[in-house]
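For reference, the structure is listed below as structure tokens.
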Amino acid sequence: RLSPGPALLFVKTSQGKEEGRRFYACSACRDRKDCNFFQWEDEKVSETRLAAREEYNRNHQPSFTHRQNVDRYKNFVLLPLSKRRFCQECQQLLLPAEWEKHSDHQFLCDISTAQLKSPSQLLYPLENKKTNAQYLFAGRSCQFLLNLLIDLGFRRVLSVGTPRLHEMIQSKASQEDLSVRSLLLDIDFRYSQFYTEDEFCHYNMFNHHFFGGEAARETCKKFLHEENDERVIMVTDPPFGGLVEALASSFKKLMAMWKETEKEEMPMFWIFPYFFESRILDFFPSFSMMDYQVDYDNHALYKHGKTGRRQSPVRIFTNLAPSMIVLPEEEGHRFCSVCQRYVSSGNQHCEICNSCTSKDGRRWKHCVLCKKCVKPSWFHCNNCNCCTLQKHSCEKTDVGCFVCGKAGHKRSACPRLSRTRTRKGDLLRHDPADGSVFPFQDN
Ligand SMILES: C[S@@+](CC[C@H](N)C(=O)[O-])C[C@H]1O[C@@H](n2cnc3c(N)ncnc32)[C@H](O)[C@@H]1O
Ligand SMILES: [Zn+2]
Ligand SMILES: [Zn+2]
Ligand SMILES: [Zn+2]
Ligand SMILES: [Zn+2]
Ligand SMILES: [Zn+2]
């Protein structure tokens, strides 16, 4: 693997201990199976290990540089259809001279111009379960996002980890006279085969690292510098397993590249699950969460079915005025004049909270004892003195753990669940079925 830039510093805490031992790990892969980079902060690394690491990095460089890929693309499009092949194993466009080398690989033939313009359909989605599951927007959501930002008057889009939005903008720009431009920043280097250095930068959003160095950084900066009143917006859809703190720090650096002044913030859409709302607001107090449910093509759980719809937990967070974000009425959204924003059909305005309180699209109910609205599936437990799931282990009684039934620990300490504690102490739960990550309290 290509080195993803500087590693991040983490803290390993063992049960009950406040102070943990600090270590460095890869910022792009948090699953040790995918990238074994690991080093204690206070550890001395031997010469042999350093040499081995360098050797590993040398052998894991991509076969072509971005520049070489751009030249290859130019030659590729000159080929007749019958000579345009794409190796599925190497995920690479092939020039005729290279066929031999890939003769026992599976490949696609007759790669059309339309296919070259939709690389996210041609490339298979990366499936690193914990950190980099490439969930691609469903057509409905991608079109909605694009129309929304055009209606809001934006003509330049910094697409950070949104290859499908980027490609929709690229094809729209070439079809219609409406000129919207996009620059894609993504860690997936396969995209360098389809875009020039002005359209794609190889970038790590966990540590704000431009693999292309100063030149790439300049490209990004120039793109963000508004000319002829072309307004810029940043749209990002990071992997959900990502650390909010690391992401926020990178996004602030991107914002700073847009304007050096701290007063104004670059307009932004951050697409992320609703249960990260408080974490995002910790870092960006000016943001609000929209009710729109973002759908994905290749995520069975997050699909917004036609009827009896399955709910998607993914939302748009933005620093634009919520009243400007018009959500589709044909999907049941309505405008709440008190809250001054569009809300989903199930989201009722609570007179006591004086707000449309549902986070997940279902109608929430107000609890007078908790003095707030709660999920419909919750009830008020007098033992715990708060609203919670019907099935729960009361904090006060000494029944066994809700997960494994054994006495002696609460479910939050149950060894049966695979858990991760982030640096800020958020307790996350991995869903082994699909690798997604949820806050522990969520249900
Ligand atoms: C959840 S997918 C979002 C894709 C988006 N919904 C679309 O259809 O355009 C996450 C995207 O972020 C990219 N990504 C993952 N880790 C990254 C990192 N550390 N830095 C930059 N991009 C990353 C992935 O390659 C992928 O394109
Ligand atoms: Zn091959
Ligand atoms: Zn309301
Ligand atoms: Zn309420
Ligand atoms: Zn309650
Ligand atoms: Zn209880």
Handout entry: Q340 atom CD: more than 12 heavy-atom contacts under 6.0 Å
Key = yes

Exercise for the section: Taking atom CZ of R363 as the centre, report whether more than 12 heavy atoms of other residues, nucleotides or ligands fall under 6.0 Å from it. Expected result: no

Practice task
Quick one: do V374 and F379 satisfy side-chain contact (heavy atoms from CB on, under 4.5 Å)? Show the steps, please.
Solution key: CA-CA 8 Å; V374 297; F379 88 121; over 6 Å; no

Practice task
List the steps, then state whether side-chain contact (heavy atoms from CB on, under 4.5 Å) holds for S377 with R362.
Solution key: CA-CA 10 Å; S377 51; R362 293 178 297 173; 4.2 Å; yes

Just by distance, do the side chain of [X] and the backbone of [Y] share a donor-acceptor pair under 3.5 Å?
X	Y	answer
R181	Q170	no
S358	N347	no
Q134	L126	yes
S250	M205	yes
S141	V294	no
E167	R164	no
Q193	Q91	yes
Q121	S118	no
E89	Q106	yes
N383	C394	no

Atom [atom1] of [X] and atom [atom2] of [Y]: how far apart are they, to the nearest 0.5 Å?
X	Y	atom1	atom2	value
C370	H380	SG	NE2	5.0 Å
Q143	F137	CD	CZ	12.5 Å
K117	S112	NZ	OG	10.0 Å
L145	T162	CG	OG1	8.5 Å
M290	F269	CE	CZ	9.0 Å
E331	F144	CD	CZ	8.0 Å

Least distance between heavy atoms, [X] atom then [Y] atom:
X	Y	answer
L152	M324	CD2-O, 3.7 Å
R140	Q293	NH2-O, 2.7 Å
W364	T357	CE3-O, 3.8 Å
L116	R84	CD1-NH1, 3.9 Å
T236	V160	OG1-O, 2.9 Å
F317	E277	CE2-CA, 3.7 Å

Any side-chain heavy-atom pair of [X] and [Y] under 4.5 Å:
X	Y	result
V314	D295	no
C353	K371	no
E230	V180	no
L136	P125	yes
L247	W270	yes
L123	Y191	yes

Are side-chain N/O atoms of [X] and [Y] paired as donor and acceptor at under 3.5 Å?
X	Y	answer
H202	D188	no
S323	R341	no
E265	S286	yes
S182	H166	yes
N69	S192	yes
D291	Y274	no

Handout entry: Ring-ring centroid check F86 F107, cutoff 6.0 Å
Key = no

Handout entry: Validation row, ring centre H333 to ring centre F335 under 6.0 Å
Key = no

Students often mix this up, so state it plainly: with edges at 30° and 60°, are the rings of [X] and [Y] parallel, tilted or perpendicular?
X	Y	result
Y73	F194	perpendicular
H66	F189	perpendicular
F276	F272	tilted

Please confirm whether [X] makes a cation-pi placement over [Y], using NZ or CZ under 6.0 Å from the six-membered ring centre and within 45° of the ring normal.
X	Y	value
R190	Y124	yes
R334	Y342	no
K252	F284	yes
R156	F223	yes

Practice task
Tell me, with the steps shown, if T196 and E199 meet side-chain contact (heavy atoms from CB on, under 4.5 Å).
Solution key: CA-CA 5 Å; T196 66; E199 296 166 326; 3.3 Å; yes

Problem - Verdict with reasoning, H208 to M257, per side-chain contact (heavy atoms from CB on, under 4.5 Å) - result: CA-CA 11 Å; H208 189 59; M257 287 171 86; 3.9 Å; yes

Exercise for the section: Determine the sole option in V232, I150, I233 for which the side-chain contact (heavy atoms from CB on, under 4.5 Å) test with R155 is passed. Expected result: I150

Practice task
Considering only NZ, NE, NH1 and NH2 on the basic side and carboxylate oxygens on the acidic side, decide whether R85 and D110 come within less than 4.0 Å.
Solution key: no

